[in-house]
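The figures that follow rest on heavy atoms only: side chains count, while hydrogens, waters and symmetry mates do not. Residue numbers start from 1 in every chain, and the chains themselves are labelled A, B, ... in the order their sequence lines are given, proteins ahead of strands.
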Protein chains: 2
Amino acid sequence: MAQVAGLAGVHASTVSRALNPETRSMVVPEVVDKVLEAAKSLGYRVDPIAKSLRTGRSRMIGVLIPDISNTLFAPILSGINDFLNDTGYSVIVAEVGNDVAKQLELADRLVAHRIDGLVLGTVSRKDPIVDFCLDQSVPAVLVNRAETSSRLSAVISDDLASMQLAVEHLYELGHRRIGHIAGPPEHSTGYLRRRGFEFAASHLELKNTACEVASAYTRSEGAAAMDRLLDQYPDITGVAAANDLLALGAYDALAARGLSCPDDISIVGHNDMPLMDIVHPPLTTMRIGHREMGRQAAELLQQAIERRDRSCRNIVLPAQLVVRNSTARV
Amino acid sequence: MAQVAGLAGVHASTVSRALNPETRSMVVPEVVDKVLEAAKSLGYRVDPIAKSLRTGRSRMIGVLIPDISNTLFAPILSGINDFLNDTGYSVIVAEVGNDVAKQLELADRLVAHRIDGLVLGTVSRKDPIVDFCLDQSVPAVLVNRAETSSRLSAVISDDLASMQLAVEHLYELGHRRIGHIAGPPEHSTGYLRRRGFEFAASHLELKNTACEVASAYTRSEGAAAMDRLLDQYPDITGVAAANDLLALGAYDALAARGLSCPDDISIVGHNDMPLMDIVHPPLTTMRIGHREMGRQAAELLQQAIERRDRSCRNIVLPAQLVVRNSTARV
DNA sequence: GTGAAAGCGCTAACAA
DNA sequence: TTGTTAGCGCTTTCAC
């Protein structure tokens with residue numbers, strides 16, 4: 001920087017002002033040009049670490065997700081990247097599992113690194129990490145899952161309505177005895193989709209609606225829940241699963257019993273993850289715009305950071321039924 | 001830090017030495033205890049940014065991958081995380097696509113942030129980003145893909161041998177006219193697997209071995225390549241694809257022609273990605289230990305960083321045939 | 001509109 | 001073994 005100042009014949013502080021778009025207007029244009037040229041000819045670029053130390057900001061934002069291998073999060077991350085890369089922010093992705101202590105530890109580390117904001121894809125319906133963000137006044141936005149009380153802005157899909165649509169689809173195919181494989185109730189997705197199922201069931205006056213709760217969004221938990229469902233309610237003809245992985249687990253459970261989907265039992269999933277068109281049978285499911293979800297979360301976060309906008313907005317995206325071959329007429 | 005020094009009744013530099021495990025031995029144990037206690041009671045933690053500015057290091061390592069939604073990279077990332085989290089490093093994942101300029105730009109940004117090392121999952125067989133790392137003497141390790149000349153340590157799978165195993169599997173099922181859907185030749189995986197196919201073909205004295213190159217590891221490119229293969233060599237009975245996504249694309253192409261796998265054509269994939277057991281038909285493929293691949297790459301990188309070990313080692317992991325239902329006797 | 005000077009929080013040479 | 005001092009590279013108040 002001193003070299004640039006020397007070459008341009010100005011003081012280092014003028015170089016700083018000329019190079020920073022936000023303070024550039026303080027410098028007379030011809031000096032700006034001189035500085036820019038000197039910087040370019042020396043290949044000089046401001047040191048982000050020194051800048052962070054001084055300003056307390058970093059133009060980096062962190063994204064916390066529970067599990068990278070869950071393909072659900074891939075399009076969300078892409079959406080976040082798409083939006084934020086164009087705005088000069090870098091995105092740090094951290095896989096933090098479901099351990100709250102580890103999540104807090106990592107959030108703390110990110111804050112120590114002067115991260116400008118956080119996108120949280122991990123929250124439960126009442127999550128200590130939200131307390132952390134509020135306490136430290138770290139700008140943060142929730143994505144995919146929300147808290148019960150709106151303490152931070154969130155972008156989620158309309159989980160309640162989309163599960164109703166899924167159940168109505170089964171109803172229209174003639175199913176009257178329908179079961180539900182619920183997701184973990186501590187997550188808004190598991191909770192709200194279950195509520196959606198119950199609403200639809202009572203509204204459609206279904207008889208014998210059965211529900212089993214999976215303790216995690218995994219294929220094996222889905223299989224276990226499906227087993228319990230079949231044991232207790234052997235006469236169900238359709239199942240609405242809270243998520244595609246649970247639906248695939250249900251496939252596994254059916255196969256193990258020599259039952260066929262959709263001949264014996266129809267199954268509808270949720271999310272329309274990649275490859276759901278090529279599993280066997282191709283899965284009928286609810287498509288959610290996860291990429292758009294990530295994009296909007298990033299936009300909300302940018303506003304929270306740059307406009308110091310601490311207002312709390314919830315964006316709810318609609319889901320759309322994708323009919324494939326896992327559901328059939330009774 | 002000044003407060004901690006005050007409370008412990010020592011100078012700030014002593015606090016620094018006591019708090020840093022590497023310099024702690026310079027301080028007499030009872031002073032260390034006093035400092036540690038003072039720090040704890042004040043909730044003090046060293047500022048990583050200030051530390052980075054001073055030391056030029058950050059205890060963060062960056063991972064460059066082309067595409068987060070490719071589930072291939074998820075277990076690699078998990079493996080890297082597993083190893084590195086226990087060693088006090090944080091991992092930054094950056095999705096950089098296939099654009100070399102963008103990759104260099106991001107690597108540059110990470111270096112500016114004093115990143116201690118880089119794991120590269122993106123390299124082509126001769127990649128400018130390796131030049132970059134060498135020029136800047138940034139410790140770096142390649143994973144999954146390698147360069148043709150070993151300029152940096154790499155952890156890859158034995159692509160040549162594993163493709164031979166895949167072809168031999170088809171041979172043993174009676175197939176004699178076998179086609180290959182090759183991956184992009186600029187990547188070592190695409191190149192070496194093709195070489196493996198050719199070796200096996202000449203060794204087994206196959207007649208009419210056909211090859212079509214997919215320009216990217218995507219389902220749609222796989223379908224296009226399969227179409228070309230079927231047009232030119234309508235009598236093939238088996239196909240070895242360079243990767244599972246290409247194999248799924250081949251499924252699509254067969255379905256579009258009303259052909260059946262494995263009745264009309266057997267297909268073997270490569271990687272054993274998640275869900276390959278539940279696609280239709282369940283895919284016969286080569287299983288690669290991607291998690292272990294990530295773990296070993298992380299270990300190599302740690303050694304390169306901490307032991308300043310610039311020696312170049314290549315670790316080659318074996319692959320294993322997983323037989324499912326996409327391959328059958330002729 | 002630009003220069004001077006202080007300081008963000010830490011570490012490492014040097015001195016004691 | 002510990003304290004002193006300088007400085008990593010930048011921004012920002014305060015003068016001018």
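- Here A:Thr55 lies in heavy-atom contact (under 4.0 Å) with sugar-phosphate atoms only.
- B:Asp47 places its CG atom 13 Å from the C1' atom of C:dT11, with the value rounded to the nearest Å.
- With C:dC8, D:dG3, C:dC10 as the candidates, the nucleotide lying closest to the side chain of B:Met1 is C:dC10.
- Residues A:Tyr89 and A:Met60 approach most closely at CD2-N, 4.1 Å, considering heavy atoms.
- Side-chain N/O atoms of A:Thr14 include one lying less than 4.0 angstrom from OP1 or OP2 on C:dG3.
- In terms of heavy-atom proximity, A:Ala5 sits nearest to A:Val15 at CA-CG2, 3.6 Å.
- Rounded to whole Å, the distance from CG on B:Leu42 to P on C:dG9 is 15 Å.
- The side chain of A:Arg54 lies closest to D:dT12 when the candidates are C:dG3, D:dG7, D:dT12.
- Note: CG (A:Leu19) to P (D:dT12) measures 14 Å, nearest angstrom.
- OP1 or OP2 of D:dT11 lies within a sub-4.0 Å distance of a side-chain N or O belonging to A:Ser16.
- In this structure, CD of A:Glu30 is placed 12 Å from P of C:dG1, rounded to the nearest angstrom.
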**Prompt:** Between A:Arg145 and A:Asp127, does a salt bridge (Lys or Arg N to Asp or Glu O under 4.0 Å) hold up when you go through it step by step?
**Reply:** CA-CA 11 Å; A:Arg145 302 172 183 171; A:Asp127 202 307; over 6 Å; no
**Request:** Please step through side chain to side chain contact (heavy atoms under 4.5 Å, CB included) for the pair B:His113 and A:His113, ending with a clear verdict.
**Result:** CA-CA 10 Å; B:His113 280 282; A:His113 279 281; over 6 Å; no
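- Side chain to side chain, A:Thr148 and A:Tyr191 fail the donor-acceptor criterion of an N or O pair below 3.5 Å.
- For the pair B:Arg24 CZ and D:dT2 P, the computed distance is 14 Å after rounding to whole Å.
- Between B:Arg57 atom CZ and C:dT11 atom C1' the separation is 10 Å, expressed in whole Å.
- Nucleotide D:dT11 holds its P atom 12 Å from the CE atom of A:Met26, rounded to whole Å.
- Summary of the strand contacts: B:Ala50 and B:Arg17 both lie near DNA chain D, and taking for each the nucleotide with the nearest heavy atom, the more 5' one is attributed to B:Arg17.
- Nearest-nucleotide assignment on DNA chain C puts the 5′-proximal partner with B:Ile49, out of B:Ile49 and B:His11.
- Closest to the A:Lys51 side chain, of the nucleotides D:dT11, C:dA12, D:dT12, is D:dT11.
- For B:His113 and D:dC10, the NE2 to P distance is 13 Å, given to the nearest whole Å.
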